[in-house]
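Just so you know, ligand 1 is whichever comes first in the structure, and atom 1 is the first atom listed for that ligand.
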Amino acid sequence: MTAYFNGLVLTEAGARPGVAELRLPEVGPGQVRVRVRAAGVCHSDLSMVNGTIRPSFPLVLGHEAAGEVVEVGAHVTRAAVGDHVVLNWQPACRTCWFCEQGEPWLCSTSSGVASLENGVTLDGVPVHVALGLGAFAEQVVAPENAVIKVPPALPLELAALLSCGVLTGAGAVRNTAQVRPGESVVVIGLGGVGLSVVAAARAAGAGQVIAVDVTEAKKSLAEAAGATDFVVSSDTLSKDIRGRTSGRGADHAFECVGRAATIRAAWRATRRGGKVTVVGMGSNDDQVSLSALDIFSSARTLRSSVYGSADFDLEIPRLADDVLTGRLPLDHLITDRITLPEIPEAFDRMSRGEGARSVVTL
Ligand code: APR
Ligand code: ZN
């Protein structure tokens, strides 16, 4: 069955995205159709709008979403009609070199930032979908390996957040940096991703979680997520952090902004031998500079964390369980509930550093 549905389309970088009626292809073998119920507004969506990353256009935005399976194609085994699922923007083929190495988050068959593969059209013309999904839409047709079942008891608006921001943040803590009980942690940038890092670091038993942002307004959100300290970012940040960590610097720093300046700040916030984990996605022309002597003598580790270095098929159900049992509280993450046409205003709030996650409920 061919269907029409509403989705949020961006025609070019810098334009204001608008709702348009899109035509969805028939569900083919191995594909599923999902009725999207909730979709989070993530900074990566904003990065496509403001030109930090450069996708192809026209583009259906959105990639952090959850919903209900309404149709399955031939041979589909992973999901059935009525299942609650989250959408995965980096589905793993399980056969490429990276998947066989046990690194499915780096699967080399990824559809890229914008793809035409889904067969969505607008006025008869093919349109790209963001990260293989285009989830700011009433419905999505995707390959079955792009859906992961979640328990019906989990509210779909929280399920949506698991699929990008929370998996990215919690995975960075658990898998990439492997934070241990008692360690000290600095988190720079307190959006949906950074606040998930704060919550996961506390859940991992971190003794001290120092949350950092440019705006004082993030303090109450940081505390709700479990931060022990809050610091407004300034030129004296590394001194401020040292003052709170026995003069040494923290065991870990997580950069959740996506800028060279904050990667450097994260570097300087850690102790000798500390671990710096870059979670933010920055632009290609923002260069980080560190001296060769500093890199050697500080004995630090600098690593990036893509999609939480996580095997999402295993970790999304685990995170769902953590949320349901209260081990990973996420309620504070949702600060705005909005409709599809209100997404551009959510981008404006995000650009001003206001709130945590805006979630579109459909
Ligand atoms: N120092 C500290 N915090 C900063 C700075 C800075 N120099 N600049 C911006 N911030 C803060 C903002 O005030 C905001 O609270 O970083 C936060 C970013 O949050 P969001 O815009 O909500 O972004 P989020 O969705 O959490 O994503 C963060 O991770 O996955 C990537 O592409 C994503 O790069 C982005 C990052
Ligand atoms: Zn995202």
Does the N or O separation between [X] and ligand 1 drop below 3.5 Å for any pair?
{"X": "G192", "result": "yes"}
{"X": "T262", "result": "no"}
{"X": "H43", "result": "yes"}
{"X": "M281", "result": "yes"}
{"X": "V212", "result": "no"}
{"X": "C256", "result": "no"}

Residue, atom name and distance, where the atom is the protein heavy atom closest to [atom]:
{"atom": "atom 10 (N) of ligand 1", "result": "V257 CG2, 3.9 Å"}
{"atom": "atom 19 (O) of ligand 1", "result": "G191 CA, 3.2 Å"}
{"atom": "atom 25 (O) of ligand 1", "result": "R357 NH1, 2.8 Å"}
{"atom": "atom 16 (O) of ligand 1", "result": "G189 CA, 3.4 Å"}
{"atom": "atom 32 (O) of ligand 1", "result": "S44 OG, 3.0 Å"}
{"atom": "atom 26 (O) of ligand 1", "result": "V193 N, 2.9 Å"}

Any idea which heavy atoms bring [X] and [Y] closest together, and the distance?
{"X": "H252", "Y": "A177", "value": "CE1-O, 3.4 Å"}
{"X": "W267", "Y": "S298", "value": "CZ2-OG, 3.4 Å"}
{"X": "L190", "Y": "A222", "value": "CD1-CB, 3.9 Å"}

Give the cluster check for [X] versus [Y]: same hydrophobic cluster or not, with ILVMFWY residues linked at side-chain heavy-atom distances below 4.5 Å.
{"X": "F230", "Y": "V209", "answer": "yes"}
{"X": "L133", "Y": "V129", "answer": "no"}
{"X": "V27", "Y": "L24", "answer": "yes"}
{"X": "V197", "Y": "I210", "answer": "no"}

Report yes or no: do [X] and [Y] form a side-chain donor-acceptor pair below 3.5 Å?
{"X": "N175", "Y": "W105", "value": "no"}
{"X": "T52", "Y": "N50", "value": "yes"}
{"X": "R271", "Y": "T245", "value": "no"}

Hey, is V214 one of the residues with a heavy atom under 4.0 angstrom from ligand 1? yes
Would S47 count as a contact residue for ligand 1, given that I'm defining contact as a non-hydrogen atom of the residue lying under 4.0 Å from a ligand atom? no
Which one of D213, L237, V41 has a non-hydrogen atom at the shortest distance from atom 11 (C) of ligand 1? D213
Need one value: angle at the Zn ion (ligand 2), H63 atom NE2 versus C42 atom SG, rounded to 10 degrees. 110°
Atoms of ligand 1, numbered as shown, that sit under 4.0 Å from any heavy atom of [X]:
{"X": "G280", "answer": "29 (O), 31 (C), 34 (O), 36 (C)"}
{"X": "K218", "answer": "15 (O)"}
{"X": "S233", "answer": "1 (N)"}

Could you tell me whether any N, O or S atom belonging to H43 is less than 2.8 Å from the Zn ion (ligand 2)?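 Within the cut-off used here (under 2.8 Å), H43 places no N, O or S atom near the Zn ion (ligand 2).
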Should the ring pair W89 and H63 be called parallel, tilted or perpendicular, given that the plane angle runs from 0 to 90° and is split at 30 and 60? perpendicular
Report the residue from V212, V186, V173, I188 that forms a side chain to side chain contact (heavy atoms under 4.5 Å, CB included) with F254. V173
